[in-house]
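Encoded as structure tokens, the structure appears first; notes follow it.
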Amino acid sequence: MAKCPYLIVRDPESVRDVLHRPADFSPANALVAVTPLEGPALRVLQRVGFALPPVLASNDTGTHGGIRKVVAGYFTPATVAAMEPRIRELARQAAGNAADQLARTSHTDLVQTVAAFPPAVVMLELLGLPVRDLADLKRWGLDSMELFWGWPDRDRQLELARSAAEFYVWLRQLVAESVTAPGRNLFKSLAGHGLSGTEMCSLGYFLLIAGQETTTQLISTTLFRLLEGASPVDWKEAASESGASSVVRLVLATESSVPTWRRVAAHDTSLGGSRIPAGTEILLELSGNRITGGGGPGNPSPQGQPGRGSSTGLIFGSGIHRCLGAKLAELEASVVVQEAAVALQGIQLQDHEPEWIRHLSFQAPRTVSVMNPPG
């Protein structure tokens, strides 16, 4: 059993306190690989000039506010609300594809047919970027999550590093194209703010993962819990706007796709009356998860409690690093779940014990396999 290297903070008020004291509790470790990368993996990354200087989520310098303001301009409440018809269109298409596959083969995986691609399309369109290479983007996102937040051994690290290097090369080309492309897009805006190509790649690397893969995972968990019967809302009720929204908020509060996040003590400080030495690595529990409730990093207990409470107040963080896409993620998940429930009436879970993604800060079922009812 691995010893947890983090000071785990679960109390919501203490979590909020940490997030609101960035000078004391730095985000500098937020994107550092949980499992230190070994030589072979590092060399693969170095060969393509892979670099992730602190720009947004891990930025504890005075440049953070200005950069965040630029990115926030793409996630305003009005912009997100205006995307709802497009989100619904994509959700209906995805649910229709799942229905077609069920009609042909009597089974389908809702992660792939329903949850995977709408968030990726929405994210790229919202940022003014070309919608392309979606299957690669999904693969790169999952691989990078495992590389930076999982516990891969030396051989697996090498495999994941090759994927990350491929993603980085693709991203560098996208950034180069975007800064000279007509119209408004995120990278052109960031270049106008003075960011270098490397800084834009660093920001884009995690934004293009977090901005869509975490939403796919939220949708996946919600669909699974609904069909499993673990939710007070049933599949029929989820076909309504209020039912879908209710179950998404419940999953956010009890089993979010991003259940934990990291901070590090920038200097000797205190929290809740306890002394915290400089350099202490802190793991903040944002919602229910199977990692801190289990046997430690890399060895989570399958019997860990899936939920802690009913509040969604800290799910997307708090303070100056709060997730900019919070409203978008909740809207997307609610719409996709609703449209799936409308289009796929009467379906049943085929696999009640799927494999789960269980990284330090990400969790979701890898598949939600369903079938038509017998008879």
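The closest side-chain heavy-atom distance from Tyr74 to Leu328 is not below 4.5 Å. For the pair Arg275 and Pro277, the minimum side-chain heavy-atom distance is below 4.5 Å. You'll find the side chain of Leu207 stays beyond 4.5 Å of the side chain of Leu324, heavy atoms only. In this structure, the side chains of Leu137 and Gln212 come closer than 4.5 Å at one or more pairs of heavy atoms. Between Glu213 and Leu142, the closest side-chain pair of non-hydrogen atoms falls below 4.5 Å. Using a 4.5 Å cut-off on side-chain heavy atoms (C-beta onward), Ile347 and Trp235 make contact. Side-chain contact check for Ser270 versus Asp24: every heavy-atom pair is 4.5 Å or farther apart. A heavy-atom distance below 4.5 Å is found between the side chains of Glu125 and Val131.
The backbone N or O of Leu284 sits nowhere less than 3.5 Å from a side-chain atom of Arg263 that would complete a donor-acceptor pair. Looking at Ser240, its side chain does come within 3.5 Å of a backbone N or O of Glu237 through a donor-acceptor pair. With Thr367 contributing its side chain and Glu355 its backbone, the two residues share no donor-acceptor pair below 3.5 Å. With hydrogens and angles disregarded, no donor-acceptor distance shorter than 3.5 Å links the side chain of Lys327 to the backbone of Val80. At least one donor-acceptor pair closer than 3.5 Å links the side chain of Asn185 to the backbone N or O of Lys188. Using modelled atom types, one side-chain atom of Thr221 and one backbone atom of Gln217 make a donor-acceptor pair closer than 3.5 Å. Here the side chain of Ser361 pairs a donor or acceptor atom with the backbone of Thr260 at under 3.5 angstrom. Remark: the backbone N or O of Ala278 is paired with a side-chain donor or acceptor of Asp268 at under 3.5 angstrom. Using a distance-only test at 3.5 Å, with no hydrogens or angles considered, a donor-acceptor pair links the side chain of Gln157 to the main chain of Glu38. Remark: side-chain polar atoms of Asp11 are paired, donor with acceptor, to backbone N or O of Ser14 under 3.5 angstrom.
The SG atom of Cys201 sits 4.5 Å away from atom CG of Leu171, with the distance rounded to the nearest 0.5 Å. In this structure, the separation between CG on Leu45 and CZ on Arg162 is 11.0 Å, given to the nearest 0.5 Å. Here CD of Glu159 is found 7.0 Å from CG of Asp143. Values are rounded to the nearest 0.5 Å.
Residue Val258 comes nearest to Thr214 through the heavy atom pair CG2-CG2, 3.7 Å, listed as atom of the first residue, atom of the second, then distance. Here the shortest heavy-atom pairing between Leu19 and Pro22 reads O-CD, 4.1 Å. The two residues Leu126 and Met83 make their nearest non-hydrogen contact at CD1-CG, 3.5 Å.
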TODO: Please lay out, stage by stage, how Thr61 and Thr63 fare under the test side-chain hydrogen bond (donor to acceptor under 3.5 Å, both in side chains).
DONE: CA-CA 5 Å; Thr61 75; Thr63 64; 2.9 Å; yes

TODO: Would you sort out whether Leu252 and Phe316 count as a side chain to side chain contact (heavy atoms under 4.5 Å, CB included), showing the intermediate values?
DONE: CA-CA 9 Å; Leu252 278 170; Phe316 295 101; 3.8 Å; yes

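A salt bridge links Arg88 with Glu84: the distance from a Lys NZ or Arg NE/NH1/NH2 to an Asp or Glu carboxylate oxygen falls below 4.0 Å. Of the charged side-chain nitrogens involved, none lies within less than 4.0 Å of a carboxylate oxygen, so that Glu281 and Arg262 do not count as a salt-bridged pair. Under the 4.0 Å criterion applied to side-chain N and carboxylate O atoms, Arg156 and Asp153 are not assigned as salt-bridge partners.
Ring geometry for Tyr205 against Phe167 counts as tilted: the plane angle lies between 30° and 60°, on a 0 to 90° scale. Relative orientation of the Tyr168 and Phe50 rings is tilted, given thresholds of 30° and 60° on the angle between their planes. The aromatic rings of His64 and His321 lie tilted to each other, with the angle between the two planes from 30° to 60°.
Partner Leu110 forms a side-chain contact (heavy atoms from CB on, under 4.5 Å) with one of Leu223, Val336, Leu349, Val337 and no other, that one being Leu223.
Tracing side-chain contacts under 4.5 Å through hydrophobic residues (I, L, V, M, F, W, Y), one reaches Leu37 starting from Trp151; they form part of the same cluster.
Checked against the 6.0 Å centroid criterion, the rings of Phe25 and Trp261 do not qualify as a close aromatic pair.
Inspection of the His20 and Ser318 side chains reveals an N or O donor paired with an N or O acceptor under 3.5 Å. At a cut-off of 3.5 Å, with distance as the only test, a side-chain donor of Asp133 or Trp170 sits close to an acceptor on the other residue.
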